[in-house]
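Notes follow once the structure below has been shown.
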2 protein chains.
Amino acid sequence: MITDNSCGPSKYICYKLSRVMRKLYRYYESNLSTYGITPSQFYVLTVVWENDGLKFKELAKRLEMDGSTLTSILDRMERQDLVERRDDPEDRRSLLVCLKEKARANILEITNLAEKMDQEIKERFSREEYAIFEKVLESLFQD
Amino acid sequence: MITDNSCGPSKYICYKLSRVMRKLYRYYESNLSTYGITPSQFYVLTVVWENDGLKFKELAKRLEMDGSTLTSILDRMERQDLVERRDDPEDRRSLLVCLKEKARANILEITNLAEKMDQEIKERFSREEYAIFEKVLESLFQD
DNA sequence: TACCATTAATTGTAGTACCAACAAAATGGA
DNA sequence: TCCATTTTGTTGGTACTACAATTAATGGTA
């Protein structure tokens, strides 16, 4: 058991999930630190890589992330010269998010690393077990 | 799929887990807000309720939480008069964490609410599915 | 044209999380 | 007894997350 299942918060699914999440996040974090990025920044890169120059609003939507959260992540990424905010010529309220050279140069390597990490995790379970795990996650994500 | 599985970060398990986590956290959060506490504060209460006056260090260990995180959570809980830090008569470096009346008065009701939320989640899956889900979580938590 | 509701992004605030550095206290060996 | 080491909790710094309030621009309508 994650800890003693008979007491404490360890019986609550929300608690379990948060602990596993932290663990997995740190695993990604330590591996991605080679490239000076965090897991959340990596998620941003994958979307911008596939849709360079997309609107801030659209980026936040695809990342299922509040706009204010994305603002602070982009602030850091811009400081690190990974991405750039550009004015949207069609709407002065809107921003376009663009990949910069520094990110473009590493994105494939980073993606390979992330896929390798995922593969290592999946390999620890049977195909059926992992499918059920993902199905339950999927269902928890709805409503 | 959580979003389109063919692109973006949604294929990475760490991303999926973080999104599901947030969703579940907000579900707990909105329900617990009746009692003016957050999910994390609830976790603290469950441990202190079962071990009133336990050491700060031991509390952090049982919550699998960094000491500095617990410090800030206890700061807020002390301000809300839910718990109290007391000196440890046996070790002047150490602190004992004690439940206060305000928390004691509601803890059973809160626990029932949390168990009801968990029950509602579990009911959406077969016993086998949920067992496999927990087994995978368990395994991800190790190493 | 002037007004107003809507939309886009940022700022402020709060909570969670962790690491490094710190101060105070305990401990243990010389 | 003395001093180095370890332990304990806090502080400071950074990051991620979201909600509420704000600012700026848009777009429709009276």
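Order of the sequence lines fixes the chain letters, A, B, ..., with proteins taken first and strands second; residue numbering starts at 1 for each chain.
Residues satisfying the ring pair (Phe, Tyr, Trp, His ring centres under 6.0 Å) test with A/Y25, not counting sequence neighbours, are none. Judged as a ring pair (Phe, Tyr, Trp, His ring centres under 6.0 Å), and not counting sequence neighbours, the contacts of B/F133 are A/F133, B/Y130.
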Just the atom pairs and distances: protein N or O near nucleotides 26-28 of chain D's N or O, under 3.5 Å.
residue	atom	partner	partner atom	Å
D/dT26	OP1	A/R92	N	3.3

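Residue B/L45 is not grouped with residue B/L96 when hydrophobic side chains (ILVMFWY) are merged at heavy-atom distances under 4.5 angstrom, including chains of intermediate members.
In this structure, CD of B/E58 is placed 15 Å from P of D/dT7, rounded to the nearest angstrom.
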Checklist entry - After noting the C-alpha distance and the side-chain angles of A/D52 and A/R104, does the key distance pass the side chain to side chain contact (heavy atoms under 4.5 Å, CB included) rule? => result CA-CA 10 Å; A/D52 207 352; A/R104 213 183 298 275; 3.4 Å; yes
Next on the checklist: Is there a side chain to side chain contact (heavy atoms under 4.5 Å, CB included) between A/L54 and A/V48? Walk through the geometry before answering.
Outcome noted: CA-CA 7 Å; A/L54 85 169; A/V48 181; 4.2 Å; yes
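Rounding to the nearest 0.5 Å places SG of A/C14 at 7.5 Å from CD1 of B/I121.
Using a distance-only test at 3.5 Å, with no hydrogens or angles considered, no donor-acceptor pair links the side chain of A/Q41 to the main chain of A/R76. A side-chain donor-acceptor contact under 3.5 Å links A/R124 to the backbone of B/S139.
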Item to check | Where protein sits on nucleotides 10-22 of chain D, one letter per nucleotide: B base, S sugar-phosphate only, - none, heavy atoms under 4.0 Å | outcome: BBB--SSBBB---
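Taking a heavy-atom distance under 4.0 Å as the criterion, the stretch of DNA chain C touched by chain B extends 5' to 3' from C/dG15 to C/dA26.
In terms of heavy atoms, A/E129 sits closest to B/V136 at O-CG2, 4.4 Å.
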Acceptor/donor pairs from residues 106-115 of chain B side chains to any protein atom, 3.5 angstrom cut, sequence neighbours excluded:
residue	atom	partner	partner atom	Å
B/E109	OE2	B/Y35	OH	2.9
B/T111	OG1	B/I107	O	2.7
B/E115	OE2	A/K11	NZ	2.8

